[in-house]
Asker: 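The structure's right below; bear with me while I get my questions together.
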Protein chains: 2
Amino acid sequence: MVKAKKQYDSKSERALQILDAAAVLLGESGYDGVSARDIAERAGVNKALVFYYWGSKPELFEKVLERYYDAHRDALEQAFETGGTIVERMHRVMDSYLDFIEENRIYPRLVQQQLTGGGPHTDMVRHHLATFFEWITEVLAEISPKTGPLAAKHFYLSISAIVTNYFTITPAIAKQWGVDPMSPAALAERREHLHWLVDTLLARLQEETSGD
Amino acid sequence: MVKAKKQYDSKSERALQILDAAAVLLGESGYDGVSARDIAERAGVNKALVFYYWGSKPELFEKVLERYYDAHRDALEQAFETGGTIVERMHRVMDSYLDFIEENRIYPRLVQQQLTGGGPHTDMVRHHLATFFEWITEVLAEISPKTGPLAAKHFYLSISAIVTNYFTITPAIAKQWGVDPMSPAALAERREHLHWLVDTLLARLQEETSGD
DNA sequence: AGTCGGTCAAACCGATTGGTTAAATCAATC
DNA sequence: GATTGATTTAACCAATCGGTTTGACCGACT
């Protein structure tokens with residue numbers, strides 16, 4: 001499911017089974033909505049094994065989040081590092097973000113859960129958001145004023161919101177949406193929309209800031 | 001807290017105390033993270049009274065959500081109904097939405113919780129989202145194509161995402177944000193950002209669709 | 001004085017929670 | 001074939017969950 005990191009390779013197969021099962025259930029029902037027994041059952045494993053491998057419930061879910069955050073950071077790091085124009089860089093970042101979410105569809109759900117009061121790991125989310133916050137404000141620093149309504153931080157919020165919320169909202173309005181929002185065609189169309197949107201915003205932003 | 005609706009006026013003061021306490025705690029910790037004992041304690045009331053007035057935990061939280069949804073719909077209904085240009089109408093809708101959230105800051109948290117797997121009331125959220133979906137697609141129908149990446153449904157998603165996510169994300173990055181994100185000055189600045197953003201999008205959208 | 005609805009405290013219920021433990025199983029080693 | 005260490009199991013624990021029940025208390029009305 002999530003691309004394996006070195007530190008997880010050393011874990012036994014059974015341990016990763018449990019981690020994967022925990023991730024799925026956490027994404028479905030949230031921290032307090034999932035029991036250790038649910039996880040064990042889903043993983044096809046005895047409940048004691050959950051604690052044998054992962055210590056406690058908060059520790060287990062910490063590892064679930066950590067694995068996703070690490071994978072997310074790895075996925076976006078390259079996109080940020082390489083050069084090009086601002087528009088090119090933003091497209092690359094957004095595409096990497098979309099690629100990652102499409103491969104890990106429960107990820108935006110996990111993040112939103114943490115932000116809206118799910119579990120005991122809000123500090124992790126905070127630190128993780130801060131990282132991307134710094135990255136994207138650095139990219140936009142060239143054309144975005146340091147303060148005011150066109151500051152980079154506002155665009156960071158707006159863009160990350162429109163990228164992620166598609167995956168948390170559309171499942172609830174699939175009927176109105178017409179087609180399956182998670183079908184390849186629908187996902188491609190959404191990506192086009194986001195490209196158009198970012199292009200439009202950056203174009204006017206460049207106009208205004210160069211004119212000052 | 002939430003503007004009282006007629007149907008709640010008939011309820012006793014104690015009953016509303018409990019409802020308010022439930023709303024606050026639900027916003028903080030989510031459906032499964034709050035116990036009936038917590039609610040009673042917060043309301044300064046005996047636990048038995050919670051069930052005496054509201055029957056059961058799911059019923060109580062259903063009423064919490066219902067009260068918010070009703071208030072939200074009432075707040076936006078007027079904004080949609082009255083006329084004007086598309087840009088004017090969109091501004092009015094967005095401002096009404098922001099006014100409502102600023103007065104009820106736990107509301108976007110409750111919605112996100114429901115969307116990401118919190119409680120047993122996903123159908124209510126679905127129905128509620130569907131209502132706004134129809135409203136806003138109707139407003140945008142004049143300048144938005146019926147299909148493709150510039151269809152109204154995409155803008156509905158994008159705009160509602162950037163409006164609400166400010167209130168769910170900024171509390172987690174308050175340090176990086178510089179000022180208190182919920183201060184009047186910060187809220188006004190965010191509102192300016194959103195106006196600029198919507199104006200920019202609608203302007204280019206009108207260009208493109210009139211040129212076809 | 002008696003009654004009534006609202007409120008309280010507290011005991012209580014079965015079910016479920018996170019977590020532990022001691023014994024059983026098994027493959028690999030000697 | 002005995003030993004070992006890793007893995008598996010079911011039984012078990014105290015605490016908490018949603019929800020109920022009983023009985024007393026209180027102020028307001030008849």
Side-chain angles (χ1 to χ4, degrees), chain A residues 7-66 110 113-114 117-122 124, chain B residues 7-66 110 113-114 117-122 124:
Chain A
Q7 53 191 335
Y8 296 100
D9 290 347
S10 60
K11 286 282 180 180
S12 84
E13 195 179 337
R14 277 284 203 274
L16 292 179
Q17 269 182 36
I18 296 169
L19 196 68
D20 286 337
V24 172
L25 294 177
L26 182 62
E28 283 176 5
S29 312
Y31 180 82
D32 292 303
V34 179
S35 73
R37 283 167 180 83
D38 294 335
I39 297 168
E41 193 179 347
R42 171 103 193 189
V45 141
N46 188 272
K47 178 171 66 83
L49 213 60
V50 173
F51 297 96
Y52 173 78
Y53 279 123
W54 301 106
S56 69
K57 185 180 169 180
E59 284 177 288
L60 168 59
F61 282 136
E62 185 187 334
K63 290 294 186 300
V64 169
L65 291 175
E66 197 179 276
L110 297 180
Q113 281 174 12
Q114 296 297 313
H121 303 302
T122 52
M124 264 186 69
Chain B
Q7 52 190 336
Y8 295 101
D9 291 346
S10 61
K11 285 283 181 181
S12 86
E13 197 179 336
R14 278 288 206 276
L16 292 179
Q17 268 182 36
I18 297 170
L19 196 67
D20 287 336
V24 171
L25 293 178
L26 182 62
E28 284 176 4
S29 311
Y31 181 82
D32 292 303
V34 179
S35 73
R37 286 168 179 83
D38 294 335
I39 296 168
E41 194 179 347
R42 171 103 192 188
V45 140
N46 189 270
K47 179 169 68 84
L49 213 59
V50 173
F51 298 96
Y52 173 76
Y53 277 122
W54 300 106
S56 70
K57 184 181 170 180
E59 283 176 289
L60 168 59
F61 283 134
E62 185 187 334
K63 289 295 186 302
V64 169
L65 292 175
E66 196 180 275
L110 297 180
Q113 280 175 13
Q114 296 297 314
H121 302 301
T122 51
M124 265 187 67

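All chains are named by letter (A, B, ...) in the order of the sequence lines, taking the proteins before the strands, and each is independently numbered beginning at 1.
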Asker: Is there a side-chain contact (heavy atoms from CB on, under 4.5 Å) between B:Ile39 and B:Phe61 once you walk through the steps?
Answerer: CA-CA 11 Å; B:Ile39 296 168; B:Phe61 283 134; 3.9 Å; yes

Asker: Heavy atoms only: give me the nearest A:Asp32-B:Gly33 pair and the separation to one decimal.
Answerer: OD2-CA, 3.4 Å

Asker: Atom NE2 in B:His121, atom CD in B:Glu59: separation rounded to 0.5 Å?
Answerer: 9.0 Å

Asker: From the options C:dT17, D:dT9, C:dA9, select the nucleotide whose nearest atom is closest to the side chain of B:Asn46.
Answerer: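 Comparing C:dT17, D:dT9, C:dA9 against the side chain of B:Asn46, the answer is C:dA9.
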
Asker: Hey, is the side chain of B:Lys47 pairing donor to acceptor with the base of D:dG19 inside 3.5 Å?
Answerer: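 Checked by distance alone, the answer is yes.
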
Asker: Could you state the atom-to-atom distance from NZ of A:Lys57 to C1' of C:dT17 in whole Å?
Answerer: 8 Å

Asker: Whether the side chain of B:Arg14 and the base of C:dG6 hold a donor-acceptor pair under 3.5 Å is what I'd like checked.
Answerer: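 Side chain to base: no pair present.
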
Asker: Can you tell me if B:Lys57 uses its side chain to pair, donor with acceptor, with the backbone of B:Tyr31 under 3.5 Å?
Answerer: yes

Asker: Would you indicate, yes or no, if D:dT8 has its OP1 or OP2 atom less than 4.0 angstrom from a side-chain nitrogen or oxygen of A:Tyr52?
Answerer: no

Asker: Give the stems involving DNA chain D, where a stem is 3 or more consecutive Watson-Crick or G-U wobble pairs (i with j, i+1 with j-1, and so on) under 3.5 Å.
Answerer: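 Consecutive-pair runs (3 or more) involving DNA chain D: C:3-23 with D:8-28, C:25-30 with D:1-6.
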
Asker: A:Arg37 side chain: which of D:dC12, D:dG19, D:dT7 is closest?
Answerer: D:dC12

Asker: Report the distance from atom CG of B:Leu26 to atom CG of B:Leu19, rounding to the nearest 0.5 Å.
Answerer: 10.5 Å

Asker: So which nucleotide from D:dT8, C:dT17, C:dA9 ends up closest to the side chain of A:Leu49?
Answerer: D:dT8

Asker: Identify, between B:Ala48 and A:Val34, the residue whose nearest nucleotide on DNA chain C lies closer to the 5' end.
Answerer: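 On the 5' side of the pair lies B:Ala48.
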
Asker: B:Val45 has a side chain; which of C:dC8, C:dT17, C:dC12 sits nearest to it?
Answerer: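 My answer, after comparing the listed nucleotides, is C:dC8.
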
Asker: Determine the minimum heavy-atom distance between B:Val50 and B:Ala40, stating which atoms define it.
Answerer: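 Shortest heavy-atom separation between B:Val50 and B:Ala40 comes out as CG2-CB, 4.0 Å.
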
Asker: From the list C:dA10, D:dG19, D:dT9, which nucleotide is the closest neighbour of the side chain of B:Phe51?
Answerer: D:dG19

Asker: What does A:Ala36 touch in the nucleic acid at a heavy-atom separation under 4.0 angstrom: a base, only the sugar-phosphate, or nothing?
Answerer: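 It contacts sugar-phosphate atoms only.
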
Asker: Between P on C:dG18 and CG on B:Asp32, what's the gap in Å once rounded to a whole number?
Answerer: 11 Å

Asker: Using modelled atom types only, decide if a donor and an acceptor are shared between the side chain of B:Trp54 and the backbone of B:Ala15 within a distance under 3.5 Å.
Answerer: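 Between the backbone of B:Ala15 and the side chain of B:Trp54 there is a qualifying donor-acceptor contact (under 3.5 Å).
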
Asker: Find the distance A:Ile18:CD1 to D:dT7:C1' and express it as a whole number of Å.
Answerer: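 Distance, rounded to whole Å: 11 Å.
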
Asker: Using whole Å, what does the distance between atom P of nucleotide C:dG18 and atom CD1 of A:Ile39 come to?
Answerer: 8 Å

Asker: Between C:dT17 and A:Ser35, is there an OP1 or OP2 to side-chain N/O distance shorter than 4.0 Å?
Answerer: yes

Asker: B:Leu16 CG to C:dG6 P: how many Å, rounded?
Answerer: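 Rounded to whole Å, this separation is 14 Å.
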
